[in-house]
Trainee: 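Before I ask anything, let me first share the structure, which is written out below as structure tokens.
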Amino acid sequence: MRLSRYFLPVLKETPSEAQIVSHRLMLRAGMIKQQAAGIYSWLPLGYRVLRRIEAIVHEEQARAGHIPLLMPTLQPADLWQESGRYDAYGPEMLRIRDRHKRDLLYGPTNEEMITDIFRSHVSSYKDLPLTLYHIQWKFRDEIRPRFGIMRGREFLMKDGYNFDIDKDAALHAYNRHMVSYLRSYERMGLTAIPMRAASGPIGGDNTHEFLVLAQTGESEVFYDDRVTGLKLGARDVDYDDRDQVAAVCGEFTSLYARTDETHDEAAFADVPEAHRKVGRGIEVGQIFYFATKYSEPMGAVVVNDKGERVPVHMGSHGIGVSRLLGAIIEASHDDRGIIWPEGVTPFHAGIVNLRQGDAATDAACEGLYGALKARGLEPLYDDTSERAGAKFATQDLIGLPWRVTVGPRGLAAGKVELTSRRTGESEEMSPEAAVARLAEIYDGV
RNA sequence: CGGGCUGUGGCGCAGUCUGGUUAGCGCGUCCGUCUGGGGGACGGAAGGUCGUGAGUUCGAAUCUCGCCAGCCCGACCA
């Protein structure tokens, strides 16, 4: 993309409504625009990151064998009356009435609807296990939205639902989700710690929340800090192997890590003092096993191998896709702007032309731009006539992890400069070498 | 929803207390010249129903009342 033809309304000053860093930076970097309290438009740069995060979630769900579909944002009220949650949910649920005076709601989650889909089409244990998920906009009419996209009323969420014949199978689904989530967060450059949590309005006993440590987090967290060093890395997990998946989950959940909702001082005291940490965290996902809480009242039953009709065991599993942008920025920024991890960056690298209009510099930039695209990378070429300082400031603000700086001075020696946004380190090299290096960096991402 | 606060060009603000010609400033935008490796300089220009409605007054951004929107703290939540 050429910056001169893009839509990137960056701001030099911070709009007064924004308090926390992710909100300020998202506004300044021209990623979002508020349309009402807790409701945002996604401007091109923000939309790119949102789509990147979504893509990672889709890829990792596919790897775990989970199947995507898409349910509507508006749901009929009667489904929720069946489960009893229409009254239980309270004013946080946005209720709508159509022209025929039928009661609808803007879905805050989809357990009822997915259960309805399931019971309509599945009747035999032979069709299990089944895990369906979608990534769709949700609405929760928060009393007080805040922190920009982190605590909006409208938000994009991945929510998945597993249907299994018994508790053991459902717990395997639970574990599969935990591993696929850990892998998703790692690919986004985040360390998200699974913590034992409280179940809230979804219900169920078995539940973990995934927390990204950040000063601005909404939850107080208590943990053994050795948990932050755990990584899945490149290891290959066979999602069909119950024991292997369970072992990975055991590794990530055996150290003490809890939110204030489930915190146990006595158990926490057993953590060696040097590792005992109290901090704050941003919730970026939660998984639940809730047995037959919805299948029983809603009649989601299958015939088992003995010919008996039994309610299916279910769980649900969510990742806050739009919220993750805020969490990533909270975890990865400096005083000049955002620092995107390679996995979610809106563009792979910026090309900064220091002397727009100079024939040799322009030609070198065009060459780099074409060569990077030919390697399958998406560069953002700053071909505007801004001065160097302004271009650098914009690059730093929008946080592309790599910058190729091209100016007549370096070009005289056949060199461009490749700079890491994260470390600030620069290296001079030929344009060809810069392209090769970037291709190598993104090869494993 | 309780408490606190704010609405003035695209953004950040002053002016309001103490009412008075054409409502200012910085940034940004546009044009020109000089510049050119970390938000450059100079010259010129465009852009405002002062959130909104009613009232007080000779006169309202400024005073009064209502309404709307937004922000912060709390309770609530992913």
Side-chain angles (χ1 to χ4, degrees), chain A residues 9-20 23-24 27-28 30 33-40 89-93 107-109 137-159 181 192 195 197-202 207-212 217-219 259-261 281-288 316-327 335-337 352-358 361 382 384-397 403-412 415-417 419 424 426 428:
Chain A
V10 298
L11 301 172
K12 203 166 179 174
E13 287 171 288
T14 303
S16 57
E17 79 245 30
Q19 300 301 315
I20 66 166
H23 190 196
R24 290 203 305 262
L27 289 169
R28 286 195 55 212
K33 167 164 172 43
Q34 180 167 324
Q35 304 290 176
I39 299 176
Y40 293 83
Y89 226 93
E92 201 175 272
M93 184 155 76
T109 177
W137 294 94
K138 307 288 192 296
F139 194 93
R140 291 182 193 170
D141 197 0
E142 299 281 346
I143 296 168
R144 190 187 154 212
R146 64 184 107 173
F147 303 152
I149 218 65
M150 294 255 286
R151 177 94 180 274
R153 290 193 292 173
E154 190 183 45
F155 57 98
L156 188 62
M157 178 170 142
K158 173 267 166 181
D159 46 323
Y181 280 23
M195 299 195 180
S199 62
I202 308 285
T207 177
H208 280 85
E209 268 175 350
F210 295 81
L211 281 289
V212 173
E218 71 274 65
S219 309
T259 65
D260 47 4
E261 295 168 321
I282 300 167
E283 298 165 24
V284 292
Q286 187 161 9
I287 55 178
F288 301 88
S316 72
H317 317 277
I319 289 184
V321 172
S322 49
R323 157 173 274 217
L324 271 165
L325 269 88
D335 56 359
R336 296 193 310 251
V352 172
N353 184 336
L354 293 176
R355 189 72 61 86
Q356 201 71 39
D358 175 84
T361 314
D382 189 343
T384 66
S385 50
E386 286 293 333
R387 299 171 63 85
K391 289 190 175 188
F392 290 142
T394 297
Q395 288 287 324
D396 290 345
L397 174 61
R403 185 183 82 206
V404 187
T405 309
V406 184
R409 199 177 294 170
L411 225 44
K415 305 281 190 190
V416 298
E417 201 174 80
T419 305
S426 285
E428 293 209 329

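Note that these values count all heavy atoms, side chains included, but never hydrogens, waters or copies made by symmetry. None of the values given here were measured: they were computed from a predicted structure. Sequence lines set the chain letters: A, B, ... in the order given, protein chains first and strands last, and positions in each chain run from 1.
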Trainee: Considering only the C1' atoms, how many Å lie between B:C63 and B:G15, rounded to the nearest integer?
Mentor: 16 Å
Trainee: What's the closest nucleotide to the A:R355 side chain, out of B:C71, B:U29, B:G36?
Mentor: B:G36
Trainee: Got a donor-acceptor pair under 3.5 Å from the side chain of A:E13 to the base of B:G28?
Mentor: no
Trainee: What contact category does A:A37 fall into here, base, sugar-phosphate, or nothing, at under 4.0 angstrom with non-hydrogen atoms?
Mentor: sugar-phosphate
Trainee: Considering only atom P, compute the distance from B:G20 to B:G28 and round it to an integer number of Å.
Mentor: 32 Å
Trainee: So does A:Q19 get a side-chain nitrogen or oxygen closer than 4.0 Å to the phosphate oxygens (OP1/OP2) of B:C73?
Mentor: no
Trainee: Need one value for A:D358: base, sugar-phosphate or nothing, where a base atom within 4.0 Å counts as base even if backbone is also close, heavy atoms only.
Mentor: nothing
Trainee: What nucleotide among B:G37, B:C77, B:C71 has an atom nearest to a side-chain atom of A:E142?
Mentor: B:C77
Trainee: So what does A:E283 hit on the nucleic acid, given a heavy-atom distance under 4.0 Å: a base, only sugar-phosphate, or nothing?
Mentor: sugar-phosphate
Trainee: Take nucleotides 40-46 of chain B nucleotide by nucleotide from the 5' end and write B, S or -, depending on whether a protein heavy atom sits under 4.0 Å from the base, only from the sugar-phosphate, or from neither.
Mentor: B------
Trainee: Using a distance-only criterion (donor-acceptor N/O pair, under 3.5 Å, no hydrogens), is the base of B:G39 paired with the side chain of A:R28?
Mentor: yes
Trainee: Taking B:G37 as the reference, what is the distance to B:C30 when you measure between their C1' atoms (whole Å, please)?
Mentor: 27 Å
Trainee: Using a distance-only criterion (donor-acceptor N/O pair, under 3.5 Å, no hydrogens), is the base of B:C76 paired with the side chain of A:R151?
Mentor: yes
